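For reference, the structure is listed below as structure tokens.
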Amino acid sequence: VSASGLLGIYQGSAIANIITAMKLTYPVIETLVGEDFFRASCKKYISSHCPTSANMDDYGGEFAEFLAAFEPAKQLTYLSDVAQLEWLFHVSSLASDASATDWTLLSAVEADDAMQVKLLLSPSVKLISSPFPLDKIWQMNQENSTVNEEIDLTQTHDNTWLIIFRRGLKTEVMPVTAGEFALLLPFSKQQNLTKAIEAATTVDNTISIDETLKKFIELNIISGFKSA
């Protein structure tokens with residue numbers, strides 16, 4: 001075997017290993033487009049996105065952006081958002097656990113400073129919104145799914161707001177309301193309670209801030225706080 005032949009074998013093996021890693025990160029995308037299309041897409045992606053780490057868990061973060069501009073997938077306008085959801089699910093699954101918080105210390109915050117408190121999201125928490133019903137697409141394409149519903153993706157749908165987070169050892173995708181999503185988004189940007197409440201009530205003036213915060217704390221979506 002010539003040197004060029006050996007190099008070709010090595011390159012072919014390396015690409016196959018990368019595609020195998022991407023299949024683990026993007027199983028729903030592969031299910032939606034089929035194995036052949038998925039492999040062809042991955043090969044094209046790999047040709048312009050060389051791995052920068054030996055750890056394949058770090059690879060594939062730009063795949064959603066790639067699919068949005070990939071000409072053969074131009075008609076599949078929802079595909080990029082599904083890929084973004086899968087990447088966030090992957091990242092959430094690998095995130096570190098949240099540190100334990102003593103919530104009783106919150107009572108020590110002066111009343112005048114309470115609205116300046118910044119609530120902290122758990123490291124596994126990721127947020128995504130989309131004009132497509134990502135939660136239904138996700139559920140329908142999970143292994144052993146019992147969801148059997150036809151979705152016309154050519155029609156206009158209501159926006160979907162999702163939280164990806166880890167509960168114990170299980171990573172979950174949870175739909176939320178527009179107001180709940182708007183409440184969490186400022187916290188993901190290190191903004192304070194005032195900004196978060198303003199954002200949530202602008203979107204939904206009927207939202208119960210107390211009940212919503214309580215729910216997110218119980219789920220450990222909000223895992224701590226930082227006083228001003």
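These numbers were taken from a predicted model, which means no experiment stands behind them.
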Per the side-chain contact (heavy atoms from CB on, under 4.5 Å) rule, which among Ile197, Val109, Asn192 passes with Met115? Ile197
Are [Y] and [X] co-members of a hydrophobic cluster defined by side-chain heavy atoms under 4.5 Å apart?
X: Leu85; Y: Phe63; answer: yes
X: Tyr45; Y: Val91; answer: yes
X: Ile209; Y: Leu127; answer: yes
X: Leu106; Y: Ile221; answer: yes
X: Val33; Y: Ile137; answer: yes

Please tell me if the side chains of [X] and [Y] come closer than 4.5 Å, counting only heavy atoms from C-beta onward.
X: Ile163; Y: Lys126; result: no
X: Glu62; Y: Trp87; result: no
X: Phe216; Y: Phe165; result: no
X: Leu120; Y: Phe187; result: no
X: Leu213; Y: Ile222; result: yes
X: Pro175; Y: Trp161; result: no
X: Thr194; Y: Gln116; result: yes
X: Pro51; Y: Met56; result: yes

Heavy-atom pair of closest approach, residues [X] and [Y]:
X: Asp97; Y: Arg166; value: OD1-NH2, 2.7 Å
X: Val28; Y: Glu86; value: N-OE2, 3.0 Å
X: Leu219; Y: Arg167; value: CD2-NH1, 3.0 Å
X: Glu198; Y: Thr202; value: O-OG1, 2.6 Å
X: Pro186; Y: Ala199; value: CG-CB, 3.9 Å
X: Ala200; Y: Ala182; value: CA-CB, 3.9 Å

Just by modelled atom types, is the [Y] backbone N or O under 3.5 Å from a matching donor or acceptor in the [X] side chain?
X: Tyr26; Y: Gly60; result: yes
X: Gln139; Y: Lys136; result: no
X: Ser223; Y: Asn220; result: no
X: Ser92; Y: Leu88; result: no
X: Tyr78; Y: Ser130; result: no
X: Ser208; Y: Glu211; result: yes

Just how far is it from atom [atom1] of [X] to atom [atom2] of [Y], taken to the nearest 0.5 Å?
X: Thr160; Y: Ile128; atom1: OG1; atom2: CD1; result: 9.5 Å
X: Ile29; Y: Leu67; atom1: CD1; atom2: CG; result: 6.0 Å
X: Leu32; Y: Met140; atom1: CG; atom2: CE; result: 9.0 Å
X: Ser122; Y: Ile217; atom1: OG; atom2: CD1; result: 10.5 Å
X: Glu180; Y: Leu185; atom1: CD; atom2: CG; result: 13.5 Å
X: Lys74; Y: Leu79; atom1: NZ; atom2: CG; result: 15.0 Å

Between [X] and [Y], does any side-chain donor sit less than 3.5 Å from a side-chain acceptor?
X: Thr104; Y: Asp102; value: yes
X: Thr206; Y: Asp204; value: yes
X: Thr171; Y: Ser93; value: yes

Counting heavy atoms not belonging to Asn55, are there more than 12 under 6.0 Å from its CG? yes
For the pair [X] and [Y], name the ring-plane relationship: parallel under 30°, tilted 30 to 60°, perpendicular over 60°.
X: Trp138; Y: Phe89; result: tilted
X: Phe225; Y: Trp103; result: tilted
X: Phe70; Y: Phe37; result: perpendicular

Start with the C-alpha distance between Leu184 and Leu121, add both sets of side-chain angles, then the distance that settles side chain to side chain contact (heavy atoms under 4.5 Å, CB included), and finish with yes or no. CA-CA 8 Å; Leu184 287 183; Leu121 302 184; 3.8 Å; yes
Could you go through Asp210 and Thr212, starting from their C-alpha distance and side-chain angles, then the distance that decides it, and tell me whether this counts as side chain to side chain contact (heavy atoms under 4.5 Å, CB included)? CA-CA 6 Å; Asp210 289 346; Thr212 303; over 6 Å; no
Assess the residue pair Ile19 and Cys42 against the criterion (side chain to side chain contact (heavy atoms under 4.5 Å, CB included)); give the C-alpha distance rounded to whole Å, side-chain angles, the decisive distance to 0.1 Å, and a yes or no. CA-CA 6 Å; Ile19 292 175; Cys42 288; 3.8 Å; yes
Derivation and outcome, side chain to side chain contact (heavy atoms under 4.5 Å, CB included), residues Leu119 and Lys226: CA-CA 6 Å; Leu119 296 180; Lys226 184 178 180 181; over 6 Å; no
Would you call Glu30-Arg39 a salt bridge at under 4.0 Å N-O? no
Salt bridge flag under 4.0 Å for residues Lys215 and Glu218: no
